[in-house]
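Notes to accompany the following structure.
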Amino acid sequence: MSYDFNAIEAKWQKKWLDTNAYSVTEDPSKEKYYCLEMFPYPSGKLHMGHVRNYSIGDVIARFKSMSGYNVLHPMGWDSFGLPAENAAIAHGIHPDKWTTENIAEMGYQLRRLGLAYDWDRELATCKPDYYKWTQWIFTQFYEKGLVYKKNAPVNWCPSCETVLANEQVVNGGCERCDSTVVKKNLSQWYFKITDYAERLLEDLEKLEGWPDKVKLMQKNWIGKSVGAEVSFKIDGSEKALDVFTTRPDTLFGATFMVLAPEHPFTNELTDGTEFEVPVRAFQQKLQHLSEIERTSTDVEKEGMFIGRHCINPLNGELIPIYIANYVLMDYGTGAIMAVPAHDERDFDFAKKYDLNVIPVVDPENADIDVNNLTAAFVAEGKMINSGEFNGMNNKEAIEKIIEKINGMGIGEKTINYRLRDWLISRQRYWGVPIPVVNCPTCGEVCLPEEQLPLLLPTDVEFTGKGQSPLTTSPTFMHTPCPKCGEMATRETDTMDTFVDSSWYFLRYCDARNDKEVFDKKKAEYWMDVDQYIGGVEHAILHLLYARFFTKVMYDIGLSPVDEPFKNLLTQGMVLKDGSKMSKSKGNVVSPDEIIKTYGADTARLFVLFASPPEKDLEWSEAGVEGAFRFLNRVWRLVEELMTERSEGAVNVNTKEEKELVYVLNKTVKKITEDVNGRFNFNTAISSIMELVNQGYHYKEAAKDELNQALINEFVEKLVIIIAPFAPHFSEELWEMLGHNESVHKVAWPTFDEAALVKDEVEIVLQVNGKVRDKVSVATSASKEEIEALALANEKVLNFMEGKSIVKVVVIPSKLVNIVVK
RNA sequence: GCGGGUGUGGCGGAAUUGGCAGACGCGCUAGACUUAGGAUCUAGUGACUAGUUCGUGGGGGUUCAAGUCCCUCCACCCGCACCA
């Protein structure tokens, strides 16, 4: 017979819900703890990744709460997005209906897992009471000059028929549907995240509680390069070509210039010349390539001379101008000075087109042989072929040459970032409408706060083709200009859903506020998020955008902090048979089924026990059964010991009793350390298992002479320390033990340091580093006593026979190593 | 190509400070209880040539002592990918 998890879980879930058990308010007398898991997209059903994510968060929240913190642990829905709209197109269900139903279903599943959320703060980004404030924040950013509209070549997914941010293009394909992304010229809205590039980079250092991996990924994504912009006069023209280089020291080695084929000078310099036709052909060819074909390092470098030259400002040499596929328009100035001797890419290109190679940096101990170069020399060295700079270390020359060109008025030190501005326009319905109208007289006008929320219209057609569905709504499109009252047209783009999730953690602080975005006082109490938990797939996108939003809102005076997440835990994936659970692979295990068969407590316990949180977790049906068996084992033990206990002071006499007290204290210490910041839930649970095993041993050994006060302490502490992991189970046992208050309101147990000191310790005896025997020694024994004991040990003597002692190493309370020869 | 990570029994994983490798769980073996056992309890379970043996991806090194530190090689995973 197993314990009746169905009845127990239903009973306590109802009670927690009816009593708002985990709802919190600001309480200045208590220290706060904000525990947050990345909110889900309501796709239909929870998957095991959710179960894992939320189980981890729940243990932390419950543990912190029992440790005396005022814990904010909210949940909500990232509920705008494409799948809802695709469902509308495919099945004729309105996205709002589809989403609402999914939220209901998944919300039920979350409650079924027994997660300790403050449901009073539940939010959904697709609801007007939330997106009103997303729109309002947009207008605040607009006022600060951090939002702008620009006509630019953008990443276009032909299948989703929408624009994608750079971050949403994965291997040249759409992050969502994998279709090949193409470039398209469109007028689009951007957030000026590049204005914050330096701070987003610098402040990574503040984030001590973040995994290095994530910080490094963000650092690389921001991609700061320090260098110089240099102006090269074009021969036979008044114009000059600007290039960015990180190696101004190699200026004398520039033997050709390369423009991106889209560079405005390309056409300007070739129009009406013999080069016009071939250049156009080359441009056309590149345009038809996908992003990945265009930019992959595997693609062979290709280009052509366009008939003109630049003049090297330092030595007056004429340098031919090329266009080539490997120079990108949207980084730096879209043009480079090519130094084949010291840059791999330029070297490859020069080899292919037989261009001049002039080395200007020599390795310290050898001379470069120009004629036999097989690769560019990219390391540090000594300047050569560089006029007045010869002999200098090249690092030093960087500074000197920048000084020089600065003095000539043709260049200066510059910093470039790989990070691009954040394109937020989406030609889609199911998102936040951009709160802007285009007025024939006033131009672009943001809606004032009293006109927000700008609601999504309902009279739209979902064709899945062409422009934003909002253009099909006659009631939406036309409106008086908020400034002059003349008839104007609305923006029809909606915002990228990453905008919605960039500030939701702030809204949780005051989720029901309909007067302002949130009460700053409340945000001051709760922010920052003490622990954020989610998948590593959000290492760049979501986490970078959320940091950006928080910084801007901090600068505007809205957010009390300029970094949102103090500590970040990135949990691994849930795998089955070695690969990620997916419908197409047919290896999905549904949380519902597991809960039905074993209960939520078992499901939680398994995902926490099977693997440390940041590693991938291999699903195992046998492992789930093991977790279930363990809970039953605890249940029986508590049930059997329940009647054998009595309150009162614990007197410990027998060896068995001492051992139980020792293990009990050790376990409390271990779990506290494992759960608190280290998040080793797997070892925390294994130590509870050891404690339970010890409980059985004690029961067996003591038979009829059970120490009733000790049993009471053991049973109660056992139930308490299991509480964060198996909340319903422990709640029921706690009630059976005669308590009226929830076990989750009980203070986390402390441990007695003194109980961890044993009278005797086991010492390992080694001869030449190999274990030969183990002996029990009084903990207080001196080094000399231990050594004497070791040297008198029969087994040790056996192994020393006929040899002489070289050295004896004694580590108190641990081991003795006798080195013999 | 660049950057980061991982590698321990039949399996998932422990070993937090250089100090007994394999905690805990799964699986397996045996016993007890039982009409029965896919329940439960108890015991055992790294390998073999059974040793003063070998063993943490391979090879080398430092140390009285190495999964842990150093060098080197291999395999797999993740991120970025012509960023001048």
Side-chain angles (χ1 to χ4, degrees), chain A residues 1-2 171-172 211-214 216-217 219-221 223-225 227 243-247 250 258 292 294-301 324-328 330-339 343-346 348-349 416-420 536-537 539-540 572-573 606 609-612 614-627 629-630 632-633 636 670 673-674 678 680 682-690 692-693 696-697 700 762-774 795 798-801 806-811 813-820:
Chain A
M1 268 292 282
S2 52
N171 285 334
D212 290 338
K213 179 192 164 84
V214 173
L216 198 63
M217 280 166 76
K219 184 182 172 216
N220 292 339
W221 192 263
K224 179 180 181 175
S225 315
V243 300
F244 174 70
T245 178
T246 54
R247 295 290 304 274
T250 62
V258 189
I292 192 162
R294 167 68 204 279
T295 60
S296 164
T297 35
D298 306 335
V299 173
E300 196 180 339
K301 293 183 181 28
N325 58 351
Y326 76 97
V327 174
L328 309 170
D330 56 359
Y331 183 78
T333 63
I336 62 160
M337 63 171 207
V339 186
D343 181 280
E344 292 291 352
R345 295 152 300 179
D346 298 343
D348 291 345
F349 193 80
N416 255 292
Y417 299 92
R418 213 192 72 120
L419 183 71
R420 310 291 149 82
V536 74
E537 65 272 19
I540 297 172
M573 288 185 297
F606 170 72
F609 176 63
S611 180
E614 60 292 344
K615 284 181 76 176
D616 287 350
L617 180 155
E618 177 68 31
W619 187 264
S620 149
E621 190 72 27
V624 177
E625 275 179 40
R629 204 146 48 201
F630 169 67
N632 280 296
R633 193 167 148 80
R636 281 190 304 271
K670 167 89 176 145
E673 289 170 356
D674 272 353
R678 202 150 56 202
N680 292 343
N682 54 335
T683 51
I685 292 168
S686 75
S687 69
I688 303 179
M689 290 172 169
E690 287 177 87
V692 171
N693 291 343
Y696 272 98
H697 285 141
E700 184 72 18
E762 194 173 63
I763 299 266
V764 171
L765 304 182
Q766 296 182 334
V767 178
N768 284 345
K770 288 184 177 155
V771 181
R772 297 309 181 193
D773 203 3
K774 292 169 191 179
K795 286 187 187 162
N798 261 343
F799 286 96
M800 287 168 53
E801 222 174 65
V806 176
K807 186 176 183 179
V808 179
V809 182
V810 181
I811 310 290
S813 300
K814 283 228 165 91
L815 60 71
V816 180
N817 188 14
I818 301 160
V819 187
V820 295

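So you know, we letter chains A, B, ... as the sequences are listed, proteins then strands, and number each from 1.
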Residue matched to [N] through Watson-Crick or wobble contacts both under 3.5 angstrom:
N      : value
B/rU17 : none
B/rU40 : B/rA32
B/rC80 : B/rG1
B/rA47 : B/rU53
B/rC11 : B/rG25

Considering only the [atom1] atoms, how many Å lie between [N] and [M], rounded to the nearest integer?
N      : M      : atom1 : value
B/rA23 : B/rU35 : P     : 36 Å
B/rC33 : B/rA39 : C1'   : 11 Å
B/rA66 : B/rC54 : P     : 12 Å
B/rU45 : B/rU72 : P     : 41 Å

Query raised in the report: A/Thr250 and A/Met337: which non-hydrogen atoms are nearest, and at how many Å?
Result: OG1-CE, 3.6 Å

Query raised in the report: For A/Ala338 and A/Asp346, which heavy atoms make the closest approach, and how far apart are they?
Result: CA-OD2, 3.2 Å

**Report entry** Comparing A/Tyr696 and A/Phe609 on RNA chain B - which has the more 5′ nearest nucleotide
**Finding:** A/Phe609

Report task. Could you pick out which residue, A/Asn693 or A/Arg678, lies toward the 5' side of RNA chain B when each is mapped onto its nearest nucleotide? Result -> A/Arg678

Query raised in the report: A/Trp619 vs A/Phe606 aromatic rings, parallel, tilted or perpendicular, using cut-offs 30° and 60°?
Result: perpendicular

Report task. Return the value, rounded to whole Å, for the distance between atom CG of A/Asn817 and atom P of B/rC64. Result -> 10 Å

Using a cut-off of 4.0 Å on non-hydrogen atoms, how would the nucleic acid contact of [X] be classed: base, sugar-phosphate, or nothing?
X        : answer
A/Glu618 : nothing
A/Glu762 : base
A/Val327 : base
A/Leu216 : sugar-phosphate
A/Thr245 : sugar-phosphate
A/Gly626 : sugar-phosphate
A/Asp212 : nothing

Query raised in the report: Will you find, in the side chains of A/Arg418 and A/Asn220, an N or O donor that is under 3.5 Å from an N or O acceptor?
Result: no

Phosphate oxygens OP1/OP2 of [N]: is one of them under 4.0 Å from a side-chain N or O of [X]?
X        : N      : value
A/Lys770 : B/rC54 : yes
A/Lys807 : B/rC64 : yes
A/Arg633 : B/rC41 : yes
A/Arg629 : B/rG27 : yes
A/Ser686 : B/rA14 : no
A/Asn682 : B/rC24 : no
A/Arg418 : B/rA84 : no

Query - Rounded distance (nearest 0.5 Å) linking atom CZ of A/Arg629 with atom OG of A/Ser2 - result: 12.5 Å

Query raised in the report: Can you tell me if CG on A/Asp212 sees more than 12 non-hydrogen neighbours from other groups inside 6.0 Å?
Result: no

